[in-house]
J.: 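Attaching a single structure in structure tokens format; questions to follow.
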Amino acid sequence: FTAFPPARDVVGAPGTVTITTLTMAWRLRLLVALGVTSVGAIKVNLALRRLDDSEPQSSGARTRREEVAQPTAGCSATQRLQAGDHNITIGDLQLGDVERQFRLRLPEARVADTPMPLMLLFHGQGGSHRTFSDKVSMLIERFTKGGWAVVLPAGLREHFVVPGHEVEEGTDSGWNTGAAGDNSTCLEDTEGQCMDSCVRLGQCGRCNWSTCYDDVFFVEQLLRKLEQGLCLDSSRYFLVGESNGGMLSHHLASMLPGKFRAVAPIFASPLMGYSLGKGFQLLTHQGETRRTSMMQVHDRSDTVIPYTGGSGYGWLYESMDRTTGAWAALHNCELNPIRVTTPFDEGPRRLECKEYLGCNEGRVMQCLYDGHHGTWPDGPRSSELIWWFFNSVI
């Protein structure tokens, strides 16, 4: 198993209604005039909105929370973290001390006491922060040139056994997304792998496949270290991850409501039953949840983590529609996403995006492109898409 704007123009395609700078109220009036009485009966294609490439803006009905920068302690520190590879000792509350690693990338030209936004980048299962750094080098360069700090944490690599066998089978790396020991997240004939940490905690099960070290706690401790050693704006933290790292991004957004300004999981969905947080934090902390915008990006031909949900090699995933739909409901958006154009559409992989309009705060989007698990939208297109989306919600 490898888990690795003010209102904008709406441009109609031939044969569709073309509308320019409609407010939500006028949109509703138009639907009534056209005899559309329910969302499910809409036959009119309200067409594609052209989004501004140079200056991302909010949609007409969406409000933006006005926030000033929140400088971290590192803004007044005399000694600061330097770019490169770093270690950090994490005192896991159940398993004790463990040495973790991360890679730090910083803007070459920056004003020393100006708080920077921060992006965390998470690799997939079986990967490392080093190899992932090479894979997403264009993304890192785009953000550091824009004045952001970028951190690539490393998932723990552990020995594992296959449940029911006593012989050690090998090693693997990955991220704990909270489902260890839960046999409802895979089919009955699925054969997983139990990491040493899970053996120690008695949390082995047929659906296991990753570490039982607490990665939410790890990220919280990592942020504290970064806040002490860098001049960051703690109101502008962002998450990107691929595959299992994208699953962790979903998990962090749900377990730490409002901590992150926006999240962009790439070919990643939560395991079935795990999209709202283990303690349903997205529901119990809805005010905080609405601070976080979501853009899920997925390849169309994925069989490892299918964007339609269901089984991927035996493991069961939420669909992209249900996951982004839940975020849309929490943001009080319209619950039927419409096709929107971005400056990065089409291309060799036919990137297309939809957005849930009318959100009270923030944005919720989903994007699809041609490819298989492990492939990103082509060339710099994915880097520019993520840069555009994140900056639209700052």
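Computed from a predicted model, the values in this text were never measured in an experiment.
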J.: Between L118 and L230, is any pair of side-chain heavy atoms under 4.5 Å apart?
T.: no
J.: Between S275 and R322, is any side-chain donor less than 3.5 angstrom from a side-chain acceptor?
T.: no
J.: Closer than 3.5 angstrom, by distance alone: can the side chain of H250 be matched with the main-chain N or O of P265 as a donor-acceptor pair?
T.: no
J.: Determine whether more than 12 heavy atoms belonging to other residues, nucleotides or ligands lie under 6.0 Å from atom CD of E99.
T.: yes
J.: Among all residues two or more places apart in sequence or in another chain, which pass the ring pair (Phe, Tyr, Trp, His ring centres under 6.0 Å) test with H86?
T.: F102
J.: Under 3.5 Å, side chain of R261 to main-chain N/O of V393, donor-acceptor pair present?
T.: yes
J.: Return the minimal non-hydrogen interatomic distance between A154 and W175, and the atom names on each side.
T.: C-CH2, 3.3 Å
J.: Would you say the side chain of D321 lies within less than 4.5 Å of the side chain of Q366, judging by non-hydrogen atoms?
T.: yes
J.: Could you check whether any side-chain heavy atom of V340 comes within less than 4.5 Å of a side-chain heavy atom of M365, counting everything from C-beta outward?
T.: yes
J.: Looking at side-chain heavy atoms only, is the closest gap between M295 and C367 below 4.5 Å?
T.: yes
J.: Where is the tightest heavy-atom contact between H129 and P153, given as atom of each residue plus distance?
T.: CB-O, 3.6 Å
J.: When D345 is tested against each of K354, R381, R339 for salt bridge (Lys or Arg N to Asp or Glu O under 4.0 Å), which residue passes?
T.: R339
J.: Is there a path of hydrophobic side-chain contacts, each under 4.5 Å between heavy atoms of I, L, V, M, F, W or Y residues, that connects L222 with L95?
T.: yes
J.: Test of understanding: clusters of I, L, V, M, F, W, Y form through side-chain heavy atoms closer than 4.5 Å, transitively. Do L368 and L351 belong to the same one?
T.: no
J.: Can you name the closest pair of heavy atoms from S249 and L239 and give their distance?
T.: O-CD1, 3.8 Å
J.: Going through the distances and angles, do F389 and S293 end up as a side-chain contact (heavy atoms from CB on, under 4.5 Å)?
T.: CA-CA 9 Å; F389 181 73; S293 294; 3.9 Å; yes
J.: Search all heavy atoms of D172 against all heavy atoms of Q125 and return the closest pair with its distance.
T.: OD2-NE2, 2.6 Å
J.: Keeping Q193 on the side-chain end and W209 on the backbone end, is there a donor-acceptor pair under 3.5 Å?
T.: yes
J.: Can you give me the closest heavy-atom contact between G155 and S173, atom names plus distance?
T.: O-CB, 4.2 Å
J.: Please assess C198 against C212 for the test disulfide (SG to SG under 2.5 Å), listing each intermediate value before the final yes or no.
T.: CA-CA 5 Å; C198 301; C212 280; 2.1 Å; yes
J.: Please examine the side chains of K259 and L252, heavy atoms only from C-beta on, and report whether any two atoms are closer than 4.5 Å.
T.: no
J.: Is there side-chain contact between D85 and R130, with heavy atoms separated by less than 4.5 Å?
T.: yes
J.: Is a side-chain donor or acceptor of Y369 paired with a backbone partner of T375 at a separation under 3.5 angstrom?
T.: yes
J.: Side chains of E318 and T323: any donor to acceptor distance under 3.5 Å?
T.: no
J.: Test I140 against S133 for side-chain contact (heavy atoms from CB on, under 4.5 Å), laying out the working first.
T.: CA-CA 8 Å; I140 296 170; S133 179; 3.8 Å; yes
J.: If you measure from CD on Q221 to OG1 on T89, what distance do you get to the nearest 0.5 Å?
T.: 11.0 Å
J.: Will you find, in the side chains of D214 and Q94, an N or O donor that is under 3.5 Å from an N or O acceptor?
T.: no
J.: Can you give each donor-acceptor pair under 3.5 Å made by side-chain atoms of residues 301-309, sequence neighbours left out, with the distance rounded to 0.1 Å?
T.:
| unit_1 | atom_1 | unit_2 | atom_2 | d |
| --- | --- | --- | --- | --- |
| D302 | OD1 | V304 | N | 2.9 |
| D302 | OD1 | I305 | N | 2.9 |
| D302 | OD1 | H373 | ND1 | 3.1 |
| D302 | OD2 | H298 | NE2 | 3.4 |
| D302 | OD2 | H373 | ND1 | 2.7 |

J.: Enter the distance from F218:CZ to L248:CG here, rounded to the nearest 0.5 Å.
T.: 9.5 Å
J.: Are L120 and M138 joined in one hydrophobic group, where the rule is that I, L, V, M, F, W and Y side chains link up if heavy atoms are under 4.5 Å apart?
T.: no
J.: Would you check if the side chain of T171 reaches a backbone N or O of R157 as a donor-acceptor pair within less than 3.5 Å?
T.: no
J.: Would you say the side-chain atoms of Q82 pair up with the backbone N or O of R80, donor to acceptor, closer than 3.5 Å?
T.: yes
J.: Mind checking the CD1-CD1 spacing from I88 to I90? Nearest 0.5 Å is all I need.
T.: 4.0 Å
J.: With disulfide (SG to SG under 2.5 Å) as the rule and sequence neighbours excluded, what pairs involving residues 289-319 come up?
T.: none
J.: Given side-chain contact (heavy atoms from CB on, under 4.5 Å), test W387 with W148 step by step and report yes or no.
T.: CA-CA 11 Å; W387 169 260; W148 292 43; 3.4 Å; yes
J.: If you measure only the distance, is there a donor-acceptor pair under 3.5 Å linking the side chains of S128 and Q101?
T.: no
J.: Can a donor-acceptor pair be found, under 3.5 Å and without considering hydrogens, that links the side chain of N208 to the backbone of Q203?
T.: yes
J.: If you round to the nearest 0.5 Å, how far is CG of N183 from SG of C207?
T.: 4.5 Å
J.: When you compare the side chain of F217 with that of N176, does any pair of heavy atoms fall below 4.5 Å?
T.: no
J.: Check side-chain hydrogen bond (donor to acceptor under 3.5 Å, both in side chains) between R142 and all other residues, then give those that pass, not counting sequence neighbours.
T.: E384
J.: Mind jotting down which residue pairs meet the salt bridge (Lys or Arg N to Asp or Glu O under 4.0 Å) criterion with at least one end in residues 215-235? Sequence neighbours excluded, please.
T.: R100-D215, D233-R236
J.: Going only through I, L, V, M, F, W and Y residues with side-chain contacts under 4.5 Å, is there a path from L282 to M320?
T.: no
J.: Begin with the C-alpha distance, continue with both residues' side-chain angles, and end with the deciding distance and a verdict on side-chain contact (heavy atoms from CB on, under 4.5 Å) for M294 and V263.
T.: CA-CA 5 Å; M294 169 67 68; V263 186; 4.1 Å; yes
J.: Is a side-chain donor or acceptor of S243 paired with a backbone partner of G124 at a separation under 3.5 angstrom?
T.: no
J.: Quick one: CE on M116 to CZ on F143, what's the gap to the nearest 0.5 Å?
T.: 14.5 Å
J.: Please name the pair of heavy atoms, one in Y356 and one in L335, separated by the smallest distance, quoted to 0.1 Å.
T.: CE2-O, 3.8 Å
J.: Quick one: OG1 on T292 to CZ on R290, what's the gap to the nearest 0.5 Å?
T.: 12.0 Å
J.: Heavy-atom distance under 4.5 Å between the side chains of Q281 and E288, does that happen here?
T.: no
J.: Should side-chain heavy atoms under 4.5 Å link Ile, Leu, Val, Met, Phe, Trp and Tyr, which residues sit in the same cluster as L316?
T.: L187, M272
